[in-house]
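Report on the structure given below.
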Amino acid sequence: EYTFALVPKAMNNPFFDLARDGCYKAQEELADVTCEYIGPGEHTELEQIQIVQDLITKGVDGIAVAPSNAPAMAKVLKAAADAGIPVMTWDSDLLEEDKALRTTYVGTFNYDIGRHLAELVQGRHPDGGTICLQTGGAAAANHNERLLGAREQLAGEKLGDPPGTPLTGQGGWTEISGCPLITNDDGNVAVQGMTDILAANPDLTAFLSTGAFTQWFDNAYRQAAEPYKEKMANGEMTIVVADTLPMQLQQTKDGLGNGLVGQRPFEMGYKAMFILKDIAEGKAVEDPIYTGLDVCSNENIDSCVQ
Amino acid sequence: MSMLELRKITKSFGAIHALQGVNLSIAAGEAVGLMGDNGAGKSTLMKIVAGNFPPTSGEIRIEDRSVEFHKPIDARDAGIEIVYQDLALCDNLTAGANVFLGRELKKKFGPFSYLDYGAMYERAGELFTELKSETRPRDLVQQMSGGQRQAVAIARTRLSDPKLVLMDEPTAAISVRQVAEVLALIKRLKDTGHAVILVSHRMPDVFEVCDRVAVLRRGAKVADKRIDETSPEEVTGLITGAIETA
Amino acid sequence: MSMLELRKITKSFGAIHALQGVNLSIAAGEAVGLMGDNGAGKSTLMKIVAGNFPPTSGEIRIEDRSVEFHKPIDARDAGIEIVYQDLALCDNLTAGANVFLGRELKKKFGPFSYLDYGAMYERAGELFTELKSETRPRDLVQQMSGGQRQAVAIARTRLSDPKLVLMDEPTAAISVRQVAEVLALIKRLKDTGHAVILVSHRMPDVFEVCDRVAVLRRGAKVADKRIDETSPEEVTGLITGAIETA
Amino acid sequence: MTDQTTDQELRRHPGRGPMDELDGMDHAAIDESITSRQEVSGIGAMLRTQPFWVFMAMIAIGIVMSFVSDAFMTERNMFNITRNFAFFGIMALGMSAVICTAGIDLSVGSLLGLCAITLGLTMQAGWGIEMGFLVCMATAAIVGLINGILIAYLRMAPFVVTLGMLAMARSIAMVLSDNKMIYEFGPDTDLFEWIGGESIIGVPNVVWVLIIMAAAFWWVWRYSTWGRWVIAIGGNAQAAKLAGIPVERMIVSVYMVCSMCTGLAAFMFIGYTGSATNGMGVTYELNVIAASVIGGANLMGGVVYALGAPIGAALVELIRNSLLLAGIPALWQQFFVGLFLILAVLLEQLRNRGGK
Amino acid sequence: MTDQTTDQELRRHPGRGPMDELDGMDHAAIDESITSRQEVSGIGAMLRTQPFWVFMAMIAIGIVMSFVSDAFMTERNMFNITRNFAFFGIMALGMSAVICTAGIDLSVGSLLGLCAITLGLTMQAGWGIEMGFLVCMATAAIVGLINGILIAYLRMAPFVVTLGMLAMARSIAMVLSDNKMIYEFGPDTDLFEWIGGESIIGVPNVVWVLIIMAAAFWWVWRYSTWGRWVIAIGGNAQAAKLAGIPVERMIVSVYMVCSMCTGLAAFMFIGYTGSATNGMGVTYELNVIAASVIGGANLMGGVVYALGAPIGAALVELIRNSLLLAGIPALWQQFFVGLFLILAVLLEQLRNRGGK
Ligand SMILES: Nc1ncnc2c1ncn2[C@@H]1O[C@H](COP(=O)(O)OP(=O)(O)OP(=O)(O)O)[C@@H](O)[C@H]1O
Ligand SMILES: Nc1ncnc2c1ncn2[C@@H]1O[C@H](COP(=O)(O)OP(=O)(O)OP(=O)(O)O)[C@@H](O)[C@H]1O
Ligand SMILES: O[C@@H]1[C@@H](O)[C@@H](O)CO[C@H]1O
Ligand SMILES: [Mg+2]
Ligand SMILES: [Mg+2]
């Protein structure tokens, strides 16, 4: 009988709902595993840490966590190691130097999300142009990695630590002033920011968001993108966004976006249970385990998600 | 027939017995001075008559009918108006608005009724003129002088031509000249058949305008005499307790 | 030699000229009554002497030396204590704490100095006894009676054995019995060589304890007479303006 | 300022009122020397209000911006700006009423989230838009009722009550939604999303709602007894009570009005966004309060302007939009919002002191 | 309650004080009938304080929990609980001082983030821990100074000033950090992280800091003139001013003390988390205020308990921890925090009324 905890960054983010569903699926399949899905209601770093602490205290049989604040989480996870509780990360990983604290990471290579998004942009605008990037919360590590991936892909050169430096013409791409936009994972802020930037810069070539928040608020996003539908259709402008939530797929199908790079949160949650069970039973597991990415464009939108 | 008659009014706040079986009556056209030391229960008695709170026991009779007041409006409807010790004005409203507070005049427009500014300001202006006060109805109370504020508070009692006007220390905080005006008003009220109860610490004021003086001590009435049958010295003695009763 | 001498004190608040060239002097062992209509400038004058704000122009002399007060403490250091019109007490502190507010007694322990509760309560207790008040130093002011509060405010002036005590309407709000106590205190102060300025609207009080009475009207001094050379009627006339000057 | 306010005011704004104003304000002002501050009507009165000056500031920003960015004066940008601030404007209308009674409502942000969820669940279950609207408004009314009862009858500090409600409402939203996002609204989805998100003759529907609400509040504050009484309570609750105004019931109604403005904003907002999460509205209470205060509401109570709330909300949105269009890094945005908030109140303060 | 408070108090808590208490409180109470409420010393006094009853509530929860969950009474859990609430406790100590003056400081959460960044940048640049500490505390002191000056000298409402600062401080933190996370603290990293994260004889260092700070504040409130004067200002700022207390300077110092408590908490907190982001502390102001209020601080001013702040913070953390260990969904957590906040104040209210 195992109880494994799956700890998301925030429980009110639809992305993590899918992981939870995967986790419950695994629970059904594995007779001796209970999935305890618990995390902070909103995106707060400290609360997530406290929850993990309490889980260790409570003595669960394994923890899969998507750390909001990697270095801080690492410190807490030392206690898990002391208590002999198996630990793995998902969605976001620990810092390089702390990797010994978790057995494995299941999730995405975040850098690649940015890279693929940039490739989608490059495919539509081989000659470069102006671009605005939009990103998530305060100093979120995974978003910064995605930013770096996007920037380096566009620039064709190394740009240092995440999130890199704003592009000033490298590879033909220039980031406009006022960007990158910070959303703090707030859907409303994200849409408003995009709306204003597109209005202020009618000649903008591309808008690239490293998180689904841009498109969460389905109706609002549709309204914001609608005026640019034609430009997007005839290749003058491009909007690409990370993740492949249901509403995002539909929006792209409707021509209100040009590309998505999807992670597989369901699979992350699902696999996490199996991996934890393996660890608990002393089996060796791979490190890291990438769940893969779905790269969607207007062309393959009906078939891109597995 | 008394205009107002209080029978064995008692009021306790928890352990504090603010009033202990007070009887008092007043006829139309009469002014009664109510005196007593601090905490003797004067304001408490006035508030009971004004409907601020019910007595713990006892009866209030108006023109020989027993009444019960549950809120200030009840007393008002029975023809009782009060000028509170602290005036109770809203500084952020105009003088006119204060006069009509809680009983605004309205106009009807189809199903909507709305405040009738014109009528209210006009009427308030008339009242101030009557009181010989230079208060302008459209001025904010915020920056009015003590005398003007007093005029506003008194004007409120004139809205409804009440039978009985209660004044709780209306002269405590105002200047010599304004005191004279208030006393003149009380006289005019008497002349027009109103009953007035004047709560005051000022002996000369009471002796100038009142027909009778009642003295409370520790919640009990210790004297109720015609002005011409007593003297300031006696009343002082009654207040302090130097004289037991009279 | 005057204990205090004010020369041509003027004070303006913007367009309002609260005081216009007021002269006043007072000797040790003397009590001066300061009277005047509301807004005549009495409290303003007292506050200037107490160091609350400086005069717009004019000079304050103490024992023939010119002084300037920038804050209340300056006046206090010069031997002037004041009982404010509204008492100015902190309800959430004890009577003792209020008496010593701003000049707490301290003990030293190495480099640390800390409040000396024992000494403060003891001294406050002595002061209350002196004032014949039943106030207990450890009681919170919160639920004290008007008389007890008054005692606390007055006790503060006794901390430093001042030369001059200013009392701004100390009897306005208290009961007959407590008034007598305050007046007795003023007499004792005089007897022990203190100078007292008593601001009051109450004619009898002033005539009972003061040696002189000064009358302010609209910021100017219109009279300054020995008590035995004037009468309540004359003073009333001076206050209201019925009598121009005297 | 009168005898009744000085001391307590000093406590809340220690240091307020220079020493020389401390007492002597009782009845000291002589009739003759009164510089009467009367209720001036018409343009004169308007010139003295804070909303007017904030509006002027907006015009100034607008003029500058139309040079800085071609995109600023476009119909589309105006459309976006007005739509964006309309939600906050509606909430701020209600908040102004609460602030007018010297209260505060910290729970509106959470309530937005809670309304989003109850509304979303109802419509998702296929109940239709009328039912959705009713449930949304009922949720708001109940929350307002609880706030109001605790404040008016149990005499608790509005800050504490609504802070507690902030936590509780958010928690209930989480529980009800089971932390899931709702983006399917049953049979009436189209109508629902049209109401919140579309426009009539080029003006977003939510802006129409704001206009109607502001006009209604303008009328209420000026011509209804309810409005008059709320203002009176803000000026002196004791006096209002003695004048026979049912103060407790009025207070309850004020908190209900505030909550229901939020409920209405939530209804429009979810229609506009097309999805409901329990995280909606986090920290909006601060924006709404800021908008009200910038629009002239005074936290001490007794002051209210129907146009203040929308104008305050508009200024905040205008700053945000302008900074972005001007290409100033988004990181600076909050800085200017905070600065303007402080400046607005500071100016009001100075203006008032000058007038005295 | 006295003549000086009634009216204004009524405005802030309309409905407070039943009608029959409205006036007559002036000097009405006769000497003889005074039920003297004196400063009782020792156990009697303690029994009357809110912190004591909150502490009792904690004990009760603790007893229940030790039956519900074996993990509860473990050393590790106690270690975690105490460490978790210590940060809030330190901040709440300062907040209590502000609340004692009838003020409020909404900017502490943002300040935590700002301190995190200035501290992080300094140490990351290799300046060492002493310099980091100095910069962290200087940041806090400056923010407190600005708040204090605006409130004390320009007489602005604390709510508005600190709300503006909330926005500005966060914005500056974002600008300074360029929105990057800092997790390298230069040469003194180890010492720094030890201070914030480790323990001495089984008690987390931050708890030691809290204990020392609470003891210091206890002494200050009881035995220092500064403390006495702050309490006096909270009781009646006007009277304090007239007694010669430099009220403005005191107010400034109070806001600085509050900010510097947050600065200290930030120093420990960053050492504990091992990383600094500009998002740290978002909405903490509400938790800190809630902790202070639960611990007995009265938003009307004039009341302060040194032990109240830590006890209030402890209760909030205890609720969180207990719910999780008891297996109650975390979604409910905020609900109980809000509920306890309201109940704590309600009980205080009832208790006080009974005493009158
Ligand atoms: N709401 C109340 N709760 C408790 N006690 C009260 C209340 N109102 C009045 N009292 C007490 O009742 C007694 C009588 O008070 P009251 O205000 O009637 O005196 P008063 O004669 O008007 O005094 P003053 O001359 O000072 O106005 C006092 O002891 C007072 O403390
Ligand atoms: N701080 C101030 N700012 C502006 N005007 C003031 C100030 N203080 C007093 N005044 C004005 O100065 C004049 C004198 O006031 P003051 O308080 O000295 O009168 P007073 O004689 O004490 O009256 P009372 O008998 O009512 O106490 C009044 O017109 C008053 O309005
Ligand atoms: O794509 C990201 C996820 O990786 C997760 O971090 C939560 O937010 C989403 O937008
Ligand atoms: Mg009375
Ligand atoms: Mg005076």
Side-chain angles (χ1 to χ4, degrees), chain B residues 47 50-52 71-77 82 84 86-107 109 112-117 121 133-151 153 156 172-175 177-178, chain D residues 1-6 9 25-41 45 48 100 102 216 219-250 298 300-304 352 355-356:
Chain B
K47 286 188 206 153
N52 278 313
K71 40 185 165 20
I73 307 185
D74 297 344
R76 211 189 256 165
D77 292 344
I82 177 164
Y84 288 101
D86 65 353
L87 304 184
L89 301 178
C90 292
D91 290 345
N92 58 338
L93 297 180
T94 61
N98 266 288
V99 169
F100 284 91
L101 192 61
R103 38 188 163 174
E104 286 78 7
L105 302 182
K106 299 206 209 174
K107 259 195 198 148
F109 178 78
F112 298 101
S113 70
Y114 60 96
L115 299 182
D116 186 350
Y117 280 83
Y121 282 140
S133 166
E134 286 187 15
T135 313
R136 287 172 295 270
R138 285 168 202 270
D139 284 5
L140 291 181
V141 169
Q142 208 135 49
Q143 292 219 330
M144 287 191 172
S145 73
Q148 291 177 320
R149 298 169 66 88
Q150 192 82 44
R156 299 174 65 166
I174 57 175
S175 67
R177 202 156 12 94
Q178 289 160 352
Chain D
M1 233 188 275
T2 71
D3 45 329
Q4 294 151 322
T5 63
T6 43
E9 203 169 325
M25 277 177 283
D26 302 37
H27 352 279
I30 7 174
D31 290 31
E32 292 90 323
S33 70
I34 288 280
T35 48
S36 68
R37 210 200 229 192
Q38 67 185 94
E39 205 190 45
V40 203
S41 45
R48 292 183 186 204
C100 179
W219 189 90
V220 163
W221 294 129
R222 197 159 167 78
Y223 290 110
S224 78
T225 33
W226 187 86
R228 167 64 58 93
W229 290 1
V230 170
I231 297 174
I233 290 171
N236 186 342
Q238 171 189 0
K241 181 93 200 180
L242 293 176
I245 294 174
V247 173
E248 285 84 6
R249 260 188 293 143
M250 292 294 298
N298 182 328
M300 313 283 290
V303 181
V304 72
N352 268 354
K356 257 184 199 161

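Throughout, protein chains are lettered first and strands after them, A, B, ... in sequence-line order, and every chain is numbered starting at 1. It should be emphasised that the depicted structure is a prediction, and the values quoted were computed from it without experimental measurement.
The distance from atom CZ of B:Phe112 to atom CH2 of D:Trp219, rounded to the nearest 0.5 Å, is 7.0 Å. Taken from CG in B:Leu105 to OG1 in D:Thr225, the straight-line distance is 11.5 Å, to the nearest 0.5 Å.
Only the backbone of D:Ser224 comes within less than 4.5 Å of a heavy atom in chain B; its side chain stays farther off. If you measure heavy-atom distances from D:Ile245 to chain B, the contacts under 4.5 Å come from the side chain alone. Residue B:Ala97 touches chain D through both its backbone and its side chain, counting heavy-atom pairs closer than 4.5 Å. For B:Lys107, no part sits under 4.5 Å from any heavy atom of chain D, backbone or side chain. With a 4.5 Å cut-off on non-hydrogen atoms, B:Ser113 touches chain D through its backbone but not through its side chain.
Options B:Arg103, B:Lys71, B:Arg76 differ in how many heavy-atom pairs under 4.5 Å they form with chain D, and the most are formed by B:Arg76. The choice from D:Ala240, D:Ala243, D:Gly302 that makes the most heavy-atom pairs within less than 4.5 Å of chain B is D:Ala243.
Checked by atom type and distance alone, the side chain of B:Tyr84 never pairs as donor or acceptor with a backbone atom of D:Ala239 at under 3.5 Å.
Closest heavy-atom contact between D:Asn236 and B:Cys90: O-SG, 3.9 Å. Across D:Arg222 and B:Tyr117, no two heavy atoms sit closer than the pair O-OH, 2.7 Å. D:Arg228 and B:Leu93 get closest at one heavy-atom pair: CD-CD1, 4.2 Å.
By the 4.5 Å heavy-atom criterion applied to side chains, D:Leu242 and B:Asn52 are counted as neighbours.
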